[in-house]
Every structure is written in structure tokens, then in C-alpha cells.
Amino acid sequence: MEEIHLVPAKKYRNIIENLFPYYVYDLAEYGKWPCTAEGRYSFNPALLDPHWSRDDHWPWLIYCGEELAGFCLLRRYPDNSERYDIDQFFVLRKFKGQGVGKRAFELAVSTMPGLWQTRVLVENSAALHFWRSAIDSLTNGHYQEQVMLDGDLPMHFIYYQVFPIQS
């Protein structure tokens with residue numbers, strides 16, 4: 001497999017906006033969202049504004065070698081600014097099951113050691129399996145999980161700590 005690396009995306013909002021309908025499409029299975037009459041999965045681009053206007057939000061592009069593989073949107077969680085949060089995370093289907101997502105996750109959270117959480121829709125069993133495995137590998141099994149409402153959506157909240165990389 002090619003090297004996985006992240007690129008800060010503050011200058012590349014258009015790329016994330018181009019990828020976002022694919023992300024919405026993947027999630028539509030669980031949210032039961034319809035496509036538009038034009039056959040698109042749309043979203044409100046203003047939802048991404050905090051990642052380009054706030055200092056406590058960090059957008060990243062994921063690359064596998066030289067090829068774009070997805071995005072990762074990190075932030076301080078609004079309900080608890082002590083905790084970092086995986087706001088949105090997306091890997092193109094071409095790269096799924098190859099370790100790209102897991103490696104991108106490890107790289108992303110290692111940029112900010114501290115308390116973290118990952119939220120997963122209760123219905124999204126495939127994502128929950130991925131996140132449990134990735135977080136278990138990163139933390140040697142030291143994480144907690146509970147189901148709570150995030151707004152009006154029941155979500156798995158997975159809590160864990162990321163330590164600085166030892167050189």
C-alpha cells in the first residue's frame with residue numbers, strides 16, 4: 001500500500017465540498033435520506049463554515065500516495081471544549097478495507113494529543129466496527145463507550161485519550 005498522509009485543507013474547501021455528497025450518500029443508508037429530484041445527495045455547504053472560520057476546527061485531506069482518498073474534519077466538541085471530536089470522517093470506497101482509514105485516523109489524532117471522542121450513528125454498524133477496531137488499536141483497548149443523544153440523533157460516543165508520540 002502507498003504511504004498514507006494528511007494535507008491541511010484550509011486552502012482546499014472546494015475539494016471537501018466536492019467529496020461531501022459522496023459522504024452524504026454513504027450515510028443516507030442509515031439516515032434514510034432521499035436524493036433530490038435531480039438525482040443528487042445534497043448538503044448545506046454552510047455546515048462546513050466552522051472548519052474554515054474557527055481556530056478550534058481542523059480540516060484535513062487524506063491521501064494514499066498521490067491520490068485523494070477522503071477527508072477528516074476535527075474540532076473541539078461544542079458541548080465540552082476539553083475534548084477533541086472527529087466531526088466528520090470519510091474515505092472513498094476504493095480505499096476501504098485497506099487500512100487507509102485506520103492510518104489516517106491515527107495520523108489525524110496524533111496531531112493533537114489529549115482527550116478525544118468519536119461519535120457513530122447507532123444504525124451504522126459497519127462504521128461502529130471500524131471505529132472500535134481503530135480506537136482499540138490506538139489505545140490498546142483503553143476506551144469507554146456509551147449511547148447518548150447528539151442533538152436528536154442516538155449515537156455511540158467512544159471516549160479515549162491520545163498520548164504524544166514517543167520518539
- prompt: Can you tell if the side chain of His51 reaches within under 4.5 Å of the side chain of Gln88, non-hydrogen atoms only?
  reply: no

query: Mind checking whether Tyr84 and Leu115 have side chains closer than 4.5 Å, heavy atoms only?
result: no

Sidechain-backbone polar pair: Trp52 side chain, Ala9 backbone, donor-acceptor under 3.5 Å: yes

- prompt: Got more than 12 heavy atoms from elsewhere within 6.0 Å of OH, Tyr12?
  reply: no

message: Check Asp87 with Arg119, please: is the shortest side-chain N to carboxylate O separation under 4.0 Å?
response: yes

message: Does this structure show an ion pair linking Arg76 with Asp55, if we count only N-O contacts that are shorter than 4.0 Å?
response: no

task: Please check if atom NZ in Lys10 has more than 12 non-hydrogen atoms from other residues, nucleotides or ligands closer than 6.0 Å.
output: yes

message: Are Phe105 and Phe130 an aromatic pair, judged by ring center distance below 6.0 Å?
response: no

- request: List for me each residue that meets side-chain hydrogen bond (donor to acceptor under 3.5 Å, both in side chains) alongside Glu38, sequence neighbours excluded, and say none if there are none.
  value: Thr36

message: Could you tell me if the side chain of Phe95 sits less than 4.5 Å from the side chain of Ile62, heavy atoms only?
response: no

- request: Please work out which of the three classes, parallel, tilted or perpendicular, describes the rings of Phe43 and Phe20, given edges at 30° and 60°.
  value: tilted

- line: Besides Val122, the hydrophobic cluster formed by Ile, Leu, Val, Met, Phe, Trp and Tyr side chains linked at under 4.5 Å, directly or via other members, contains Val147

task: Could you give me the CA-CA distance, side-chain angles and deciding distance for Asp26 and Lys96, then say whether side chain to side chain contact (heavy atoms under 4.5 Å, CB included) is met?
output: CA-CA 12 Å; Asp26 278 359; Lys96 290 189 177 184; 3.4 Å; yes

query: Closest approach of Val7 and His5, non-hydrogen atoms and distance?
result: CG2-CD2, 4.1 Å

message: So Thr111 and Trp58, do their side chains get closer than 4.5 Å, heavy atoms only?
response: no

task: Answer yes or no: is there a side-chain heavy-atom contact under 4.5 Å between Tyr41 and Cys35?
output: yes

query: Yes or no on side chain to side chain contact (heavy atoms under 4.5 Å, CB included) for Asp49 and Arg13, after CA distance, side-chain angles and deciding distance?
result: CA-CA 9 Å; Asp49 287 351; Arg13 179 175 176 151; 2.8 Å; yes

